Amino acid sequence: MSRPNLFRRIAAAVKKFGFKQWFLLILNAALILGSLACALGLRSVSGTLSTLTAAKRFQGEGETRFAQLACYLPVGDGKTEEDVRSFRQSLESKLVEQSLEAPEGGRLYLDAYYGMESVTISSDNGSNSTVKAVGAGGDFFYFHPLHLRSGSYIKGDDLMDDLVLLDEELAWKLFGGTELAGLTVYINSVPFVVSGVVAREADFATEKAYTGDGGLYMSFSAMSRLIEEASITGYEIVMPNPISGYAKSLLSEVFPIGTGDIVENSGRYGLLRLWDVIQTFGQRSMRTNGVIYPYWENAGRLTEDYAALLLLLAVLLALYPLLAALVLVIRDIRRAYRFAKIRIPEKVDAAVEKRREERLEKAFEKKEEEGKPDGGSEPS
């Protein structure tokens, strides 16, 4: 059927629509548009947090698949830097056993760790504040690429661990500005040099999850000197994941976390993961294992909730149009079946009858030919 003929048939069918047909057509169109809007919203929410993109950035154009995972340890059951070094040795041995080796001049994994403690910070102008400090180690700012307002990040391999990175809120509170690199602050009365100032993430989830009046970042070794009982309560890693679940299984084996949580951030918005969120939606707010999530994990869980709801809405909104289309298809199949059941036998009978008539006609013509004398002329 040509396209103009198809359009004419559709136009003719539409002209015959009554109120019911128009209502159902508009309803289904609205539901489909709503489902598409939810799907687009799901895609947008899934790309909200920069803290969940480390695996993709680390993989680059390479063919090896990587996974980004985070371990959250219960309060009072944290790790030490020695535990992290021991874990790295065990991990590297396991990767070698699996014939997974780093490319020449490159690395096969990246990791970071941190602990959190309350500290008192003050400046020479007399301003002071009690804030939450993050004691970071490893490649922490690869996993958390906060925007620098001034200065530079602190690094896990810095020779001196007397540098501190302030967030924007604390910088304004202490100094009334953000160009602070090289200035001195006092944390629990110990002097530190300001390395730079960072801005918190501006996405909707972080704004809801981060409710503090400012904070700071320092090396974990420095925090350990200031606070004897400080411990590592979070660990993050990007590592090879040649088959689904391999990285999480290996991490669980060589980095025991007790009653803590392991979250695979790189697969956070997959359909199966979001389905699990939907199934346990009412239980997610209950914490019974002693884990206190940092603000970036709370932001991640919030986006998961939004994504799960958008997925559910997209499916529900698309359900009626799909069922309506299925009903129409089944109805057309039944009509075609009934038509075929009646017409096909009729056509077969007609064809058989026509064939029989053709055979009789040929037999009659042959008989006439046989009755003629030689030469084919009529007798005189």
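FYI, the numbering just counts along the sequence from 1. Everything numeric here is computed off the predicted structure, so don't read it as measured data.
The closest side-chain donor-acceptor pair between Glu236 and His144 falls under 3.5 angstrom. Of the N and O atoms on the side chains of Thr80 and Asp83, at least one donor lies less than 3.5 Å from an acceptor on the other residue. Counted by atom type alone, Asn265 and Arg268 present one or more donor-acceptor pairs between their side chains at under 3.5 Å.
Between Ser150 and Glu179, the shortest heavy-atom contact is CB-OE1, 3.6 Å. When all heavy atoms of Gly215 and Leu170 are compared, the pair lying nearest together is O-CD2, 3.5 Å. Leu42 approaches Ala307 most closely through the heavy-atom pair CD1-CB, 3.3 Å. Shown here for Arg57 and Ser50, the closest heavy-atom pair between the two residues is NH2-O, 3.8 Å. The two atoms that bring Arg88 and Gly138 nearest to each other are NH2-CA, 4.3 Å, heavy atoms only. In terms of heavy-atom proximity, Pro240 sits nearest to Thr64 at CB-CG2, 4.3 Å.
With hydrophobic clusters built from ILVMFWY side chains whose heavy atoms lie under 4.5 angstrom apart, Ile237 does not share a cluster with Tyr142. Clustering ILVMFWY residues whenever any of their side-chain heavy atoms sit less than 4.5 angstrom apart, transitively, puts Val238 in a cluster other than the one holding Ile257. Criterion: ILVMFWY side-chain heavy atoms under 4.5 Å apart, direct or through other members. Under it, Ile187 and Val131 are part of a common hydrophobic cluster. Grouping the Ile, Leu, Val, Met, Phe, Trp and Tyr side chains by contacts below 4.5 angstrom, directly or via other members, places Val315 with Leu271. Grouping the Ile, Leu, Val, Met, Phe, Trp and Tyr side chains by contacts below 4.5 angstrom, directly or via other members, places Phe143 apart from Tyr113.
Side-chain contact between Leu216 and Asp167 is absent, with no heavy-atom pair separated by less than 4.5 Å. Residues Tyr186 and Asp124 form a side-chain contact, since some pair of their non-hydrogen atoms from C-beta on lies under 4.5 Å apart. Side chains of Ile243 and Arg65 form no contact here, defined as non-hydrogen atoms less than 4.5 Å apart. Within the 4.5 Å cutoff, side-chain heavy atoms of Pro256 are placed close to those of Lys79. Residues Leu166 and Val194 are in side-chain contact: their nearest non-hydrogen atoms beyond the backbone lie under 4.5 Å apart. Residues Asn188 and Ile121 fail the side-chain proximity criterion, which asks for heavy atoms closer than 4.5 Å.
Phe204 is linked by a ring-ring contact (aromatic ring centres under 6.0 Å, His included) to Tyr306, counting only residues two or more places apart in sequence or in another chain. Partners of Ser221 under the side chain to side chain donor-acceptor pair (under 3.5 Å) rule, at least two apart in sequence or in another chain, are Asp161, Ser219. Listed by chain and residue number, Phe87, Phe255 satisfy the ring-ring contact (aromatic ring centres under 6.0 Å, His included) test with Tyr235 (two or more places apart in sequence, or in another chain).
Atom CZ of Arg355 sits in a sparse spot, with 12 or fewer heavy atoms from other residues, nucleotides or ligands closer than 6.0 Å. Other residues, nucleotides and ligands place no more than 12 heavy atoms under 6.0 Å from the CD1 atom of Ile292. The local environment of CG in Leu272 is sparse, with at most 12 non-hydrogen atoms from other residues, nucleotides or ligands closer than 6.0 Å.
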Run the side-chain contact (heavy atoms from CB on, under 4.5 Å) test on Ile227 and Val119 for me, step by step, so that the C-alpha distance in whole Å, both residues' side-chain angles and the decisive distance to 0.1 Å come before the verdict. CA-CA 9 Å; Ile227 304 171; Val119 298; 4.0 Å; yes
Side chain to side chain donor-acceptor pair (under 3.5 Å), that's the test. Do Tyr269 and Thr303 meet it? Break it down for me. CA-CA 9 Å; Tyr269 303 104; Thr303 59; 2.6 Å; yes
Give the C-alpha distance, both sets of side-chain angles, the deciding distance and a yes or no for side-chain contact (heavy atoms from CB on, under 4.5 Å) between Arg200 and Glu207. CA-CA 8 Å; Arg200 298 284 179 184; Glu207 288 178 353; over 6 Å; no
Before you tell me yes or no, could you show the steps for Ile232 and Phe220 under side-chain contact (heavy atoms from CB on, under 4.5 Å), namely the whole-Å CA-CA distance, both residues' side-chain angles and the distance that decides it to 0.1 Å? CA-CA 8 Å; Ile232 295 168; Phe220 183 80; 3.6 Å; yes
Given Leu36 and Leu317, is the side-chain contact (heavy atoms from CB on, under 4.5 Å) satisfied, shown in steps? CA-CA 9 Å; Leu36 290 174; Leu317 290 173; over 6 Å; no
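Residue Tyr153 belongs to a hydrophobic cluster whose other members are Tyr72, Tyr114, Met116, Val134, Phe140, Phe141, Leu146, Leu148, Ile154, Leu163, Leu165, Val193, Val198, Tyr210, Tyr217, Val263, Val291, Tyr293, Tyr295, Trp296, with links defined by side-chain heavy atoms closer than 4.5 Å. Grouping Ile, Leu, Val, Met, Phe, Trp and Tyr by side-chain contacts under 4.5 Å, direct or through others, leaves Leu328 on its own. With side-chain heavy atoms closer than 4.5 Å counting as contact, directly or through intermediates, Val327 stands alone and belongs to no larger hydrophobic cluster. Hydrophobic cluster of Leu312: the remaining members, joined at side-chain heavy-atom separations below 4.5 Å, are Trp275, Ile278, Leu316, listed by chain and number.
Applying the side chain to side chain donor-acceptor pair (under 3.5 Å) test to pairs two or more places apart or on separate chains, none has a residue in residues 311-332. Identified under the salt bridge (Lys or Arg N to Asp or Glu O under 4.0 Å) test for residues 130-152, with sequence neighbours left out: Arg107-Asp139, Arg149-Glu168. The side chain to side chain donor-acceptor pair (under 3.5 Å) pairs that include a residue from residues 33-44 number zero, where partners must be two or more places apart or lie in different chains. Within the structure, the side chain to side chain donor-acceptor pair (under 3.5 Å) test picks out the following pairs touching residues 244-260 (sequence neighbours left out): Lys94-Glu253. Listed by first and then second residue, the ring pair (Phe, Tyr, Trp, His ring centres under 6.0 Å) pairs involving residues 31-64 are Phe58-Phe66 (not counting sequence neighbours).
Rounding to the nearest 0.5 angstrom, the gap separating the CG atom in Asn298 from the NZ atom in Lys208 is 13.0 Å. To the nearest 0.5 angstrom, Leu52 atom CG is 5.0 Å from Leu49 atom CG. One distance of note links SG of Cys38 with CG of Leu33; it measures 11.0 Å at 0.5 Å rounding. A distance of 8.0 Å separates CG of Asn128 from NZ of Lys173, quoted to the nearest 0.5 Å.
At distances below 3.5 Å, not a single donor-acceptor pair connects side-chain atoms of Gln68 with backbone N or O atoms of Ser266. Under the 3.5 Å distance criterion, the side-chain polar atoms of Ser127 are left unmatched by any main-chain donor or acceptor of Ser123. Proximity of a side-chain donor or acceptor of Asn241 to a complementary backbone N or O of Ala247 within less than 3.5 Å is detected. Side-chain N or O atoms of Thr206 include none that pairs as donor or acceptor with a backbone N or O of Asp203 at under 3.5 Å.
Contact check on Glu304 versus Arg301 returns no salt bridge, with no Lys/Arg side-chain nitrogen under 4.0 Å from an Asp/Glu carboxylate oxygen.
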